[in-house]
Amino acid sequence: MLTRTYILSLLLFAVGCASWGTDPALEALPASTHPEDVRLLPKSVGDPIEPLNRGFFAVDTVLFTYALEPAWTGYNAVVPEKARKGIKHFSTNLGYPIRLTANILQGEWSNAGKETQRFLINTTVGVLGFSDPATDKYNIVVSEEDLGQALGKWGWDESTYLHVPVLGASSPRDVIGLAGGIYLNPSSWVYGAGAGLKFNSKSFDAKNTRRLLDTEFDPYALNKLYYSRKRAIEIANAKPLLKGEDTPQTQTLQADFYRPQNDEFGENSEEIKVQPQGFRKPLTASVWMQETPSPIAFVIPGLGGHRLSARVLALAELAHLEGYHVVCFSNNLNWEFIQAAPEGYLPGYLDDDLKYLRQIHAAIRSEIGDQVTGKPAVMGFSMGGWYTLNLAATSPPDAYSHALAINPPLSLNTGLDVLDRLFRAPAKHKDLEAIKESALIKLLTLLKSPPNDESVMPFSDQEASYIIGLTYRFTLTQTIMASLGIRPSAKAHERVGALSWEDYYNRIITPALAKRNISGDALTRSGNLREREAGLAAAQNLKLVLTGNDFLLTQNDLAWLRERFPGKRTIFTETGGHMGQLWKPEIRDAMSAAIRFKDVSPPAE
C-alpha cells in the first residue's frame, strides 16, 4: 500500500508540474464580449509557482485519501464527539499566548484584554479549557489572531501563494508566523502534543475536505481563493456593510437553508456507476435504496449542480422519506457529467441533453433491476426543474408517475442572461471593491447559519445579486473548461471566468452545432418551453413550485406557467425569489404531498 501511495503521489506531482506548458485548448478559446468582467472576479494571492503548488496539493490529496481520512474516520468512530470538542477547546485555550502576542503587536488592546479574560475564565470555570464558558456564558468570542496577521498588519504583503505539504494553504509570511507561534504555544513543549491536538482539531474538517475533493472541478483553485479572501479579511479586520434589504435576490440566498434534515443522509448513500453506449467513461450516481421493491425517483440538480450538494441531498431525502428508491447524478453542465459524456458534448442544446438523460435513466433502472416497481418519478429544481418539464413534455403522457419542477425558468437563455446581469450589478458602483468584500464576508457567515424563519438576510440587493451571479459564473467556468478540455490554472480561470452565457452560446455552442447542420434558430427554439406547450398540457401528474418574484421568470413567463398549471398543480408563494422558500416546513410538506404515491390515510378504528 505504501509503495502504491508513493508512486501515485509522484505521478500526481508530475501532472501538477506538467502544467508549466501552454494549453492549446485555452489558446483557442474565443474572446469575451465583456472583458471588463474580469474586474468582478475575486482575486487570489499571486501564484507564480502554481505548477509546483498544484503538485504539492496532489501529494496532499493522496496523503488525505490513503492515510489521514481513514485515520480520522477511525478516530471519530472511537472517540465521542463531546470528548473531541473538549480536546479542541483545550487546544484553543493553549493558543492564548499566540493570540495575545498577535493582538499586542497589532495594537489591538481591547482584543488582548478579552483574550486574557477568556483564558482566565476557561482555565478556571472551564476546567483547564476543556469547555468554553467564555463564549457560551459570557459571549466573549475568540479573536482568531495569529503572528501571520500581525506581520501582515505591519506591511508584509502576501505576494506569493504556497501550498505547504500537510500544512496546506499558506504564504511565506504565514509560514514565518506559524514557525514563531510554535515557540509561544505550550503544546510544543511536550513532544508530540502539538501534533496530537492538531490531529484532533482537524478531525472536524475531514468531511468538508472530502466534499471539496469530490464535488469541485478544481479544488486547488477554490481552496486557494478561500484562503486568499479569508486572510485578506482577517488582516484588514474588515467589517461588512450594515445595509440590508428585502428583495427577490436577498430572499434567494435563503435557499442555502434548504438542507437535509438528517445531517448524515448524504453519507447513507451508495454509489453505482453506469456507462451508456457512447459515453467515454462510467458516470457515478448516488443512490438511496428502500428495503423492499419500490418506485424510483430521479433527482436532477440545478445549473451545474453536483449530486452531493446540500439542496440535492435535501430533495433526495424528501423523496426517500416518501418511499422511493432515489437516484441523483450531477447536472448536465457539471464537470462530472461532462467528463463522462460522449466526446465533444457541449451541454445546453436540449436534444442532446435529453438524449443523454434518458440513456442514463434507462441504464440506472437496468442496474437496479427487480428492486424497482411501477413507473419512475422525476423531480428537479432550477435548471433541473427545466429538464424535468422538458422530459415530461417529450415523453408519453403517462411516462412518469409524478413529476415535480421546482422554480424552473421558461426560457433557458432568458434565465441565464439574467444571471449575467446580476453578476454585473455592482460593476459601475464607485464602491465596487467594498461591495465585493462585504458580500464575501456575509456569505461566509451565512454558510454557517442555521435556518431561522425570523431572520432577515443582512445583504443589500447589490451584494446578493453579486453573490448569485458569482456562483453562476464559477459554474459556467467549470462547464466551459470541462467541455473544451482546458487544463485548470490561474490563467485559465481568469480567461474563462470572463466569458458569459452569451459567449458560450454564440461563440462555442452555435459554431459547434453548425458543423452538424443544426441552425442557431433550432438551438434557440430548443431552449424555450413554449415550443413544447402541447406536451406539457398532455403530461399527467406534473406539478410546479413557483414564486411570484423569481427573477429567472419575466411576468409574462410566470403568467404563462400559472395559466397552464392552475390550482393545485402549482405550489405557489408570492415571495422567496429563486428557491428561497424551499426550506420552510409548509413548502417541504407540500412538495412531499405532490410526489406521494403511498396510501397515507389513517387506519379505520
Could you tell me which residues satisfy ring pair (Phe, Tyr, Trp, His ring centres under 6.0 Å) with Tyr324, sequence neighbours excluded, listed by chain and number?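 Here the qualifying residues are Phe597.
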For Phe64, what residues pass the ring pair (Phe, Tyr, Trp, His ring centres under 6.0 Å) criterion, not counting sequence neighbours?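 Once residues adjacent in sequence are excluded, Phe64 has no partner under the ring pair (Phe, Tyr, Trp, His ring centres under 6.0 Å) criterion.
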Decide side chain to side chain contact (heavy atoms under 4.5 Å, CB included) for Thr209 and Glu69; before the verdict, give the C-alpha distance in whole Å, the side-chain angles of both, and the deciding distance to 0.1 Å. CA-CA 9 Å; Thr209 302; Glu69 185 178 29; over 6 Å; no
Of the non-hydrogen atoms in [X] and [Y], which two are nearest, and what is the gap between them?
{"X": "Leu29", "Y": "Arg495", "value": "O-NH2, 3.1 Å"}
{"X": "Val312", "Y": "Arg307", "value": "CG1-O, 3.3 Å"}
{"X": "Ile338", "Y": "Asn332", "value": "CG1-O, 3.4 Å"}
{"X": "Ser32", "Y": "Ala498", "value": "OG-O, 2.7 Å"}
{"X": "Ile300", "Y": "Thr388", "value": "CD1-OG1, 4.1 Å"}
{"X": "His306", "Y": "Asp214", "value": "NE2-O, 3.3 Å"}

[X] side chain near [Y] side chain, heavy-atom distance below 4.5 Å:
{"X": "Thr547", "Y": "His578", "result": "no"}
{"X": "Ile406", "Y": "Ser382", "result": "no"}
{"X": "Pro42", "Y": "Leu225", "result": "yes"}
{"X": "Pro408", "Y": "Leu546", "result": "yes"}
{"X": "Arg588", "Y": "Gln261", "result": "yes"}
{"X": "Glu574", "Y": "Asn549", "result": "no"}
{"X": "Val327", "Y": "Ser286", "result": "no"}
{"X": "Thr479", "Y": "Asn334", "result": "no"}

Any side-chain to backbone donor/acceptor pair from [X] onto [Y]? Under 3.5 Å, distance only.
{"X": "Gln478", "Y": "Trp335", "answer": "yes"}
{"X": "Asn331", "Y": "Pro301", "answer": "yes"}
{"X": "Asp557", "Y": "Thr554", "answer": "yes"}
{"X": "Thr570", "Y": "Phe572", "answer": "no"}
{"X": "Thr284", "Y": "Lys273", "answer": "no"}
{"X": "Ser294", "Y": "Thr292", "answer": "yes"}

Verify side chain to side chain contact (heavy atoms under 4.5 Å, CB included) between Thr61 and Tyr220, making sure each step is shown before the conclusion. CA-CA 10 Å; Thr61 299; Tyr220 169 84; over 6 Å; no
Hey, what do you get for [atom1] ([X]) to [atom2] ([Y]), rounding to the nearest 0.5 Å?
{"X": "Tyr505", "Y": "Tyr349", "atom1": "OH", "atom2": "OH", "value": "10.5 Å"}
{"X": "Asn528", "Y": "Asn413", "atom1": "CG", "atom2": "CG", "value": "8.5 Å"}
{"X": "His325", "Y": "Gln290", "atom1": "NE2", "atom2": "CD", "value": "6.5 Å"}
{"X": "Trp501", "Y": "Ile509", "atom1": "CH2", "atom2": "CD1", "value": "4.5 Å"}
{"X": "Met383", "Y": "Asn390", "atom1": "CE", "atom2": "CG", "value": "9.5 Å"}
{"X": "Ser411", "Y": "Leu553", "atom1": "OG", "atom2": "CG", "value": "10.0 Å"}

Any salt bridge linking [X] with [Y]? Criterion: basic side-chain nitrogen under 4.0 Å from a carboxylate oxygen.
{"X": "Arg487", "Y": "Asp218", "value": "no"}
{"X": "Arg473", "Y": "Asp420", "value": "yes"}
{"X": "Lys207", "Y": "Glu264", "value": "yes"}
{"X": "Arg525", "Y": "Asp521", "value": "yes"}
{"X": "Glu336", "Y": "Lys281", "value": "no"}
{"X": "Glu216", "Y": "Arg211", "value": "no"}

Between [X] and [Y], does any side-chain donor sit less than 3.5 Å from a side-chain acceptor?
{"X": "Ser438", "Y": "Glu463", "value": "yes"}
{"X": "Arg507", "Y": "Ser500", "value": "no"}
{"X": "Arg358", "Y": "Ser395", "value": "yes"}
{"X": "Asp246", "Y": "Gln251", "value": "yes"}

Could you walk me through whether Leu536 and Leu389 pass side chain to side chain contact (heavy atoms under 4.5 Å, CB included), step by step? CA-CA 7 Å; Leu536 289 172; Leu389 290 175; 4.1 Å; yes
Which atom pairs, one a donor and one an acceptor, fall under 3.5 Å between side chains of residues 538-545 and the rest of the protein, sequence neighbours left out?
{"residue": "Asn541", "atom": "ND2", "partner": "Ser401", "partner atom": "O", "Å": "3.0"}

Could you note down all residue pairs passing ring pair (Phe, Tyr, Trp, His ring centres under 6.0 Å) where residues 356-380 supplies at least one of them, sequence neighbours left out?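 Every pair satisfying ring pair (Phe, Tyr, Trp, His ring centres under 6.0 Å) with a residue in residues 356-380: Phe279-Tyr356, Phe298-His361, Phe329-His361, Tyr345-Tyr356.
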Pairwise ring pair (Phe, Tyr, Trp, His ring centres under 6.0 Å) hits with a residue in residues 385-410, at least two apart: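 Every candidate ring pair (Phe, Tyr, Trp, His ring centres under 6.0 Å) pair involving residues 385-410 fails, so no pair, neighbours aside, qualifies.
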Counting only heavy atoms not in Glu494 (residues, nucleotides, ligands), do more than 12 fall under 6.0 Å from its CD?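 Incorrect, the count does not exceed 12.
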Can you tell me if CD on Gln277 sees more than 12 non-hydrogen neighbours from other groups inside 6.0 Å?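 No - once you tally the heavy atoms of other residues, nucleotides and ligands closer than 6.0 Å, there are 12 at most.
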Would Asn262 and Glu267 count as a side chain to side chain contact (heavy atoms under 4.5 Å, CB included) here? Give the steps. CA-CA 10 Å; Asn262 176 8; Glu267 298 171 27; over 6 Å; no
Please lay out, stage by stage, how Phe265 and Trp288 fare under the test ring pair (Phe, Tyr, Trp, His ring centres under 6.0 Å). CA-CA 9 Å; Phe265 179 76; Trp288 292 263; 4.8 Å; yes
Name each donor-acceptor pair under 3.5 Å that joins a side chain in residues 366-373 to protein atoms two or more places apart or in another chain, with its distance.
none

